[in-house]
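For reference, the structure discussed in these notes is given below.
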Amino acid sequence: MKNITVIGSGTMGNGIAHTFAQFGYSVSLVDISQDALNKAIATITKNIDRQVAKGTVTEAEKATTLKNITTFTALAEGAKNADLVVEAATENVEIKLNLFRELDKICPANTILTSNTSSISITKIGSVTKR
């Protein structure tokens with residue numbers, strides 16, 4: 001497993017993307033807004049800069065981490081090669097169900113689909129896929 005897609009670039013999504021990228025995974029960060037993606041990359045950069053200042057990450061590791069993240073506004077492009085998808089979109093049931101319907105069509109059969117939901121039934125989300 002090496003290709004990770006994170007859907008949603010808010011607080012949870014950019015943190016998840018940052019962590020996977022820092023540990024060497026290729027991350028596709030997907031959001032509907034390029035502005036939101038730009039803000040997420042700025043946040044990730046700021047967070048890594050704090051790690052560099054503390055001495056827990058080198059400048060080279062920072063560069064590699066940032067290089068490991070590619071942003072997308074098109075779900076199909078960002079998820080087409082995913083081994084693992086982590087959905088971290090807004091807590092809206094219809095948005096999540098529609099995302100998982102689309103992901104089920106877009107992603108290879110072996111792709112693992114996951115959600116970072118805090119309040120929506122995983123069974124309900126899973127029921128809209130063939131997985």
Side-chain angles (χ1 to χ4, degrees):
M1 187 175 312
K2 63 179 183 169
N3 296 313
I4 312 298
T5 296
V6 178
I7 301 170
S9 63
T11 302
M12 293 304 295
N14 74 56
I16 293 165
H18 172 175
T19 302
F20 274 116
Q22 191 166 340
F23 285 92
Y25 293 92
S26 175
V27 177
S28 297
L29 183 57
V30 181
D31 205 307
I32 59 172
S33 160
Q34 187 61 51
D35 287 342
L37 290 165
N38 294 344
K39 185 186 283 189
I41 295 300
T43 298
I44 292 167
T45 301
K46 184 177 85 172
N47 290 340
I48 298 171
D49 284 339
R50 274 201 307 265
Q51 292 178 299
V52 170
K54 290 180 183 179
T56 59
V57 172
T58 67
E59 284 291 338
E61 290 168 327
K62 171 188 172 181
T64 299
T65 297
L66 292 172
K67 191 168 133 180
N68 285 342
I69 303 171
T70 306
T71 61
F72 296 89
T73 56
L75 181 63
E77 284 300 305
K80 68 182 179 184
N81 296 316
D83 297 312
L84 171 70
V85 174
V86 180
E87 175 275 317
T90 189
E91 283 295 295
N92 176 300
V93 69
E94 286 309 313
I95 290 172
K96 289 187 187 288
L97 295 180
N98 287 333
L99 276 171
F100 277 89
R101 284 183 191 105
E102 285 301 307
L103 289 167
D104 200 43
K105 294 175 193 171
I106 295 166
C107 296
N110 64 326
T111 302
I112 299 168
L113 304 179
T114 68
S115 179
N116 187 51
T117 186
S118 60
S119 62
I120 300 168
S121 164
I122 289 296
T123 303
K124 184 172 187 167
I125 292 171
S127 73
V128 301
T129 74
K130 295 180 181 124
R131 296 165 198 250

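Small disclaimer: the values here were computed from a predicted structure and weren't measured.
Cluster annotation: Ile112 is connected to Val27 through the hydrophobic network of ILVMFWY side chains, with a link wherever side-chain heavy atoms come within less than 4.5 Å. Linking Ile, Leu, Val, Met, Phe, Trp and Tyr residues whenever their side-chain heavy atoms come within less than 4.5 Å leaves Met1 and Leu113 in two separate clusters. Hydrophobic clustering of Ile, Leu, Val, Met, Phe, Trp and Tyr side chains at less than 4.5 Å, counting indirect connections, unites Ile48 with Ile41. In terms of hydrophobic clustering, with Ile, Leu, Val, Met, Phe, Trp and Tyr side chains grouped at heavy-atom distances under 4.5 Å, Val86 and Ile120 are assigned to different clusters. Two different hydrophobic clusters hold Ile32 and Val6 under the rule that ILVMFWY side chains link at heavy-atom gaps under 4.5 Å.
Proximity of Leu75 to Leu99: side-chain heavy atoms (C-beta onward) are separated by under 4.5 Å at one or more points. Asn38 is listed as a side-chain neighbour of Gln34, based on a closest heavy-atom distance under 4.5 Å. Side-chain atoms of Leu103 and Thr129, non-hydrogen and from C-beta on, never get closer than 4.5 Å to each other.
Under a cut-off of 6.0 angstrom, the local environment of NZ in Lys62 is crowded, with over 12 non-hydrogen atoms contributed by other residues, nucleotides or ligands.
Contact record, Val85 with Cys107: CG2-SG, 4.0 Å, taken as the closest heavy-atom pair. Summarising the geometry of Pro108 relative to Ala82, their closest heavy-atom pair is CD-O, 4.0 Å, with the distance given to 0.1 Å. Residue Ser28 comes nearest to Gly78 through the heavy atom pair CB-O, 3.2 Å, listed as atom of the first residue, atom of the second, then distance. In terms of heavy-atom proximity, Thr117 sits nearest to Ser119 at OG1-N, 3.3 Å.
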Extract all donor-acceptor atom pairs below 3.5 Å that involve side chains of residues 65-72 and protein atoms in other chains or at least two apart in sequence.
residue	atom	partner	partner atom	Å
Thr65	OG1	Glu61	O	2.9
Asn68	ND2	Ala21	O	2.9
Asn68	ND2	Thr64	O	3.4

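With values rounded to the nearest 0.5 angstrom, Thr56 atom OG1 is found 7.5 Å from Gln22 atom CD. Taken from CD1 in Ile125 to OG1 in Thr114, the straight-line distance is 10.0 Å, to the nearest 0.5 Å. To the nearest 0.5 angstrom, Ile44 atom CD1 is 5.0 Å from Asn14 atom CG. Asn81 CG to Ile4 CD1: the interatomic distance, rounded to the nearest 0.5 Å, is 12.5 Å. Distance CG/Asp31 to OG1/Thr73: 9.0 Å, rounded to 0.5 Å. Note: Phe100 CZ to Ser127 OG = 11.0 Å, rounded to the nearest 0.5 Å.
When atom types are taken as modelled, the side chain of Thr111 and the backbone of Leu84 share no donor-acceptor pair closer than 3.5 angstrom. Here the side chain of Ser33 pairs a donor or acceptor atom with the backbone of Asp35 at under 3.5 angstrom.
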- Query: Could you walk me through whether Leu29 and Leu37 pass the side chain to side chain contact (heavy atoms under 4.5 Å, CB included) check?
  - Reply: CA-CA 8 Å; Leu29 183 57; Leu37 290 165; 3.8 Å; yes
- Residues Ser118, Met12; criterion side chain to side chain contact (heavy atoms under 4.5 Å, CB included); working and verdict: CA-CA 11 Å; Ser118 60; Met12 293 304 295; over 6 Å; no
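Evaluation of the salt bridge (Lys or Arg N to Asp or Glu O under 4.0 Å) test over residues 76-101, restricted to residues two or more places apart or in two chains, returns Glu77-Lys80, Glu87-Lys96, Glu91-Lys96. The ring pair (Phe, Tyr, Trp, His ring centres under 6.0 Å) contacts involving residues 23-64 comprise Phe20-Tyr25, where partners must be two or more places apart or lie in separate chains.
Ile95 pairs with exactly one of Asn92, Asn98, Leu97 by the side chain to side chain contact (heavy atoms under 4.5 Å, CB included) rule, that one being Asn92.
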